[in-house]
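All values reported here derive from a predicted model rather than from experimental measurement. Just the heavy atoms: all of them, side chains too, but no hydrogens, waters or symmetry mates, feed the values below. Just so you know, residue 1 is the first one in the sequence shown, and it goes up from there.
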Amino acid sequence: MPENTPQAPTPKPNENSLSRQINRVTALILVFSAILFATISILAIWQVFGDNTSEIVWRSLSSLGTIALAALVVNVGTKLMDGHK
């Protein structure tokens, strides 16, 4: 084999692994949930939702909290599993 033949670059380990992609998606979900959480809270302070403010806010925030907690658990879990490889 001639010495001037270009070699294909070796991929870095875990560069595009599934666990890394899962971590990115769950991190985006966490950020999106935090933004929605803050937006709903501010709207509730200004009583934009009218008479049903407390019920709407409670249901929205508990739903966002559940989604964010699930994303956090998946994110931490994939990081822990990635460390044990």
Transitive ILVMFWY side-chain link Leu43 to Leu36, under 4.5 Å: yes
Joint cluster assignment, Phe32 & Ile42, ILVMFWY side-chain distance < 4.5 Å: yes
Point-to-point distance, once rounded to the nearest 0.5 Å, from CD1 of Ile35 to CG of Leu64: 11.5 Å
Ile56, Ile45, Leu61 screened by side chain to side chain contact (heavy atoms under 4.5 Å, CB included) with Ile40, the one that passes: Leu61
Linked, directly or transitively: Val57 and Trp46 (ILVMFWY side chains, under 4.5 Å): yes
Joint cluster assignment, Ile29 & Ile22, ILVMFWY side-chain distance < 4.5 Å: no
Closest heavy-atom pair and its distance - Thr53, Gln47: OG1-CA, 4.3 Å
CZ-CG distance between Arg59 and Asn52, expressed to the nearest 0.5 angstrom: 10.0 Å
Nearest-0.5 Å distance, CG of residue Asp82 to OG of residue Ser19: 3.5 Å
Other residues, nucleotides, ligands: >12 heavy atoms within 6.0 Å of Phe37 CZ: no
Shared hydrophobic cluster, Val76 / Leu30 (ILVMFWY, side-chain heavy atoms < 4.5 Å): yes
